[in-house]
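Each chain gets a letter, A, B and so on, in the order its sequence line appears, and its residues count up from 1.
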Protein chains: 2
Amino acid sequence: MPETVEDLYDISIVGGGPVGLFAAFYAGLREMKTKILESLSELGGQLTVLYPEKFIYDVGGFPKIIARDLAKNLMEQGLYFKPAVHLEEQAETLDRVEIESGVVYRIGTDKGKHFTRTVLITAGIGAFAPNKLSVPSAAHFEGKGVYYLVKDKTEFRGKRLLIIGGGDTAVDWALNLKDLAKKVTLIHRREGFRAHEGSLATLMKSEVDVKVFYELKEVRGNEVVEEAVIFDNRDRNETTIPVDVVLINIGYKADIGPLREWGMELENRRIVVNPRMETNLPGVYAAGDIAQPKDSVYLNLIATGFGQATIAVNVAKNYIDPKSRIFPGHSSEMRL
Amino acid sequence: MPETVEDLYDISIVGGGPVGLFAAFYAGLREMKTKILESLSELGGQLTVLYPEKFIYDVGGFPKIIARDLAKNLMEQGLYFKPAVHLEEQAETLDRVEIESGVVYRIGTDKGKHFTRTVLITAGIGAFAPNKLSVPSAAHFEGKGVYYLVKDKTEFRGKRLLIIGGGDTAVDWALNLKDLAKKVTLIHRREGFRAHEGSLATLMKSEVDVKVFYELKEVRGNEVVEEAVIFDNRDRNETTIPVDVVLINIGYKADIGPLREWGMELENRRIVVNPRMETNLPGVYAAGDIAQPKDSVYLNLIATGFGQATIAVNVAKNYIDPKSRIFPGHSSEMRL
């Protein structure tokens with residue numbers, strides 16, 4: 001039970017990625033007492049963790065912006081009204097509980113309990129983790145030359161890179177890093193690439209050394225990676241190449257985890273919402289990649305998620321205070 | 001009939017405001033041959049025409065941006081894929097016509113005919129015009145000291161301003177211009193203001209001279225405005241104040257005009273759309289302020305409109321080419 005009225009929030013946002021941050025801003029604008037719960041150690045979601053160095057072109061108003069910079073802007077915007085922020089705290093349970101002021105939600109996490117009138121789930125693709133290669137020596141060198149994510153591409157300056165994978169992430173990093181690195185080799189276990197056609201065409205014309213039907217056998221070195229043994233999976237012939245870095249981009253697993261047990265209607269591991277972003281639980285909303293809009297199309301785009309966030313927050317405001325107008329007024333008329 | 005295949009567009013966007021521009025970008029990303037029709041002489045919509053100088057806080061990713069700058073960014077983004085742009089051309093009629101390659105739409109304007117497979121209406125609040133005061137001397141000095149819109153606030157530097165109105169526009173301009181101008185007087189014909197409460201409180205504490213129950217009787221001067229006669233509408237007592245500029249912000253009329261006759265279901269002078277942004281006419285979509293979402297809430301916010309634009313364009317793409325995926329891929333995976 002919340003011990004003081006300060007413990008009760010109007011809206012708790014599960015997931016501090018781009019959509020959650022924008023929703024937090026919006027909830028503040030609507031004068032809602034707002035809390036963000038984020039399972040990772042930093043805000044920004046995929047922008048920060050999966051592709052900080054990539055350009056994004058399809059967010060309204062930004063002809064072009066680096067993901068890391070967009071995340072920075074969104075943090076400034078999302079924290080403007082000073083929401084409570086709980087990092088490294090994973091939402092696990094959701095219950096309806098009765099307190100003095102009425103029936104509210106209680107979110108149980110690995111660290112405690114949170115009381116809230118409404119819940120907005122903006123958990124993206126859920127907790128995500130890169131797929132790992134089952135090569136023991138790769139595991140041994142993880143963080144010492146073997147990476148699954150690029151946190152700061154400048155670390156690869158002047159290095160010899162081996163990139164493994166055939167999807168967009170692998171191909172994009174090959175193109176993104178080729179001018180920075182001393183040499184880039186990309187291997188893929190089959191001929192067909194899942195990467196975008198345009199990127200692939202650029203890759204094939206580039207100086208990146210692309211080897212198809214090749215897989216990683218072993219990573220060698222003393223303290224750090226010094227060479228990689230790769231093999232042609234058609235004839236098992238092995239090749240040893242000198243490398244400083246092995247970047248493994250073979251997709252990731254995402255899991256919505258405990259949210260599955262919250263009693264919400266799910267479809268394709270996503271939370272079904274109506275056009276008001278309402279789930280089947282009253283006062284619980286979803287927006288962004290995790291929301292499966294009923295009767296509409298599924299687009300996991302940031303711009304789509306921002307639009308959904310405005311709807312979810314305004315509907316939540318009206319749910320808490322039915323006398324409030326749905327429409328908040330325009331920010332340009334406000335003194336922020 | 002389109003004489004050549006070049007004359008047929010995949011999508012024609014009616015309205016070159018923020019949502020139309022973002023839609024044009026998105027249509028380009030989906031490799032659609034795109035045309036923008038705009039009735040005004042410039043792109044940017046209300047951002048450019050109604051409040052170029054105002055800060056906007058509620059567009060995702062921008063903690064704060066001046067409307068004029070957002071419009072500039074959106075023009076760069078919207079024109080990236082080089083859509084055809086027709087300015088000062090008002091869409092008047094919509095017909096279904098049969099041409100060699102099938103049945104398409106024909107948009108008739110005051111200047112010609114446009115052939116297109118799909119239509120996206122992002123016409124905002126329609127053609128808008130400020131309400132005028134029926135004071136003959138005000139009409140006489142229009143453009144010579146009497147204004148209804150602020151195009152460039154630096155023109156008011158060091159001037160004595162009389163602002164008329166009690167809504168957000170009047171109050172906001174009073175606050176925005178008070179430090180730039182030599183003196184600002186604001187008159188309103190009644191005690192109740194429609195402006196946002198927070199702004200009003202700031203206004204009342206400011207050095208702006210606020211007079212309620214006052215109206216404009218006459219504007220006087222030789223070549224340009226020199227003084228204004230105002231009167232107390234309770235006792236008809238007149239006061240003459242020396243002013244250089246009279247800024248009249250008493251609302252505006254907006255009219256969706258000829259769109260009314262296009263056979264679309266309307267509600268509150270808006271175009272009814274389903275959650276896929278489809279109107280009742282196949283291949284005709286609406287997004288932004290002019291769209292009235294069925295089963296959802298109406299929010300005339302730029303962020304909401306951007307989200308709707310992504311849905312409308314992707315659904316339109318799928319309508320033209322049912323084999324295409326609804327989902328476009330992420331721009332971060334593309335080489336733009």
Side-chain angles (χ1 to χ4, degrees), chain A residues 18 22 25-26 29 51 54-65 67 70 73-74 76-77 80 168-169 172 175 195-196 198-199 202 274-276 293-311 314-315 318 326-336, chain B residues 18 22 25-26 29 51 54-65 67 70 73-74 76-77 80 168-169 172 175 195-196 198-199 202 274-276 293-311 314-315 318 326-336:
Chain A
F22 185 55
F25 163 79
Y26 219 86
L29 195 72
Y51 50 91
K54 289 194 180 175
F55 276 110
I56 304 178
Y57 304 84
D58 59 358
V59 178
F62 293 99
K64 181 175 180 174
I65 186 167
L70 180 60
N73 287 359
L74 281 163
E76 184 183 340
Q77 188 170 38
Y80 183 86
D168 282 311
T169 308
D172 270 18
L175 291 171
H196 189 262
S199 309
T202 310
N274 67 19
R276 293 162 61 91
K294 210 183 285 183
D295 308 321
S296 183
V297 294
Y298 177 73
L299 295 172
N300 53 342
L301 299 171
I302 291 174
T304 315
F306 284 168
Q308 293 174 339
T310 61
I311 296 169
N314 284 301
V315 170
N318 191 251
I326 288 270
F327 182 63
H330 287 116
S331 74
S332 58
E333 310 296 347
M334 298 172 190
R335 311 250 77 71
L336 299 188
Chain B
F22 185 55
F25 163 79
Y26 218 87
L29 195 71
Y51 50 91
K54 289 195 181 174
F55 276 109
I56 304 179
Y57 304 83
D58 59 357
V59 178
F62 294 99
K64 181 174 180 173
I65 186 168
L70 179 60
N73 288 0
L74 282 163
E76 184 183 339
Q77 188 171 37
Y80 183 85
D168 282 312
T169 309
D172 269 18
L175 291 170
H196 189 263
S199 309
T202 310
N274 67 19
R276 294 163 58 93
K294 210 184 287 185
D295 308 321
S296 184
V297 294
Y298 178 72
L299 296 172
N300 52 340
L301 299 171
I302 291 174
T304 316
F306 284 168
Q308 293 174 338
T310 61
I311 296 169
N314 283 301
V315 171
N318 191 252
I326 287 271
F327 182 64
H330 288 117
S331 74
S332 57
E333 308 296 347
M334 297 172 191
R335 310 250 78 70
L336 299 188

Please determine, among [options], the option with the most heavy-atom pairs under 4.5 Å with chain B.
options	answer
Pro275(A), Gly307(A), Pro18(A)	Pro275(A)
Leu70(A), Ile65(A), Thr304(A)	Thr304(A)
Gly61(A), Pro293(A), Ala303(A), Gly305(A)	Gly61(A)

**Asked** Which residue, Phe22(B), Phe306(B), Phe62(B), forms the ring-ring contact (aromatic ring centres under 6.0 Å, His included) with Phe62(A)?
**Response** Phe62(B)

**Asked** Which bit of Ile311(B) is near chain A, if near means a heavy-atom gap under 4.5 Å: side chain, backbone, both or neither?
**Response** both

When rounded to the nearest 0.5 angstrom, what is the spacing between [atom1] in [X] and [atom2] in [Y]?
X	Y	atom1	atom2	result
Tyr80(A)	Tyr57(B)	OH	OH	6.5 Å
Lys64(A)	Gln77(B)	NZ	CD	12.5 Å
Asp295(B)	Asn274(A)	CG	CG	8.5 Å

**Message:** How close do Val297(A) and Arg276(B) get, counting heavy atoms only, and between which atoms?
**Reply:** CG1-NH1, 3.6 Å

**Fill in**
Heavy atoms of Leu301(A) and Tyr26(B) approach each other most closely as CD1-OH, 3.0 Å

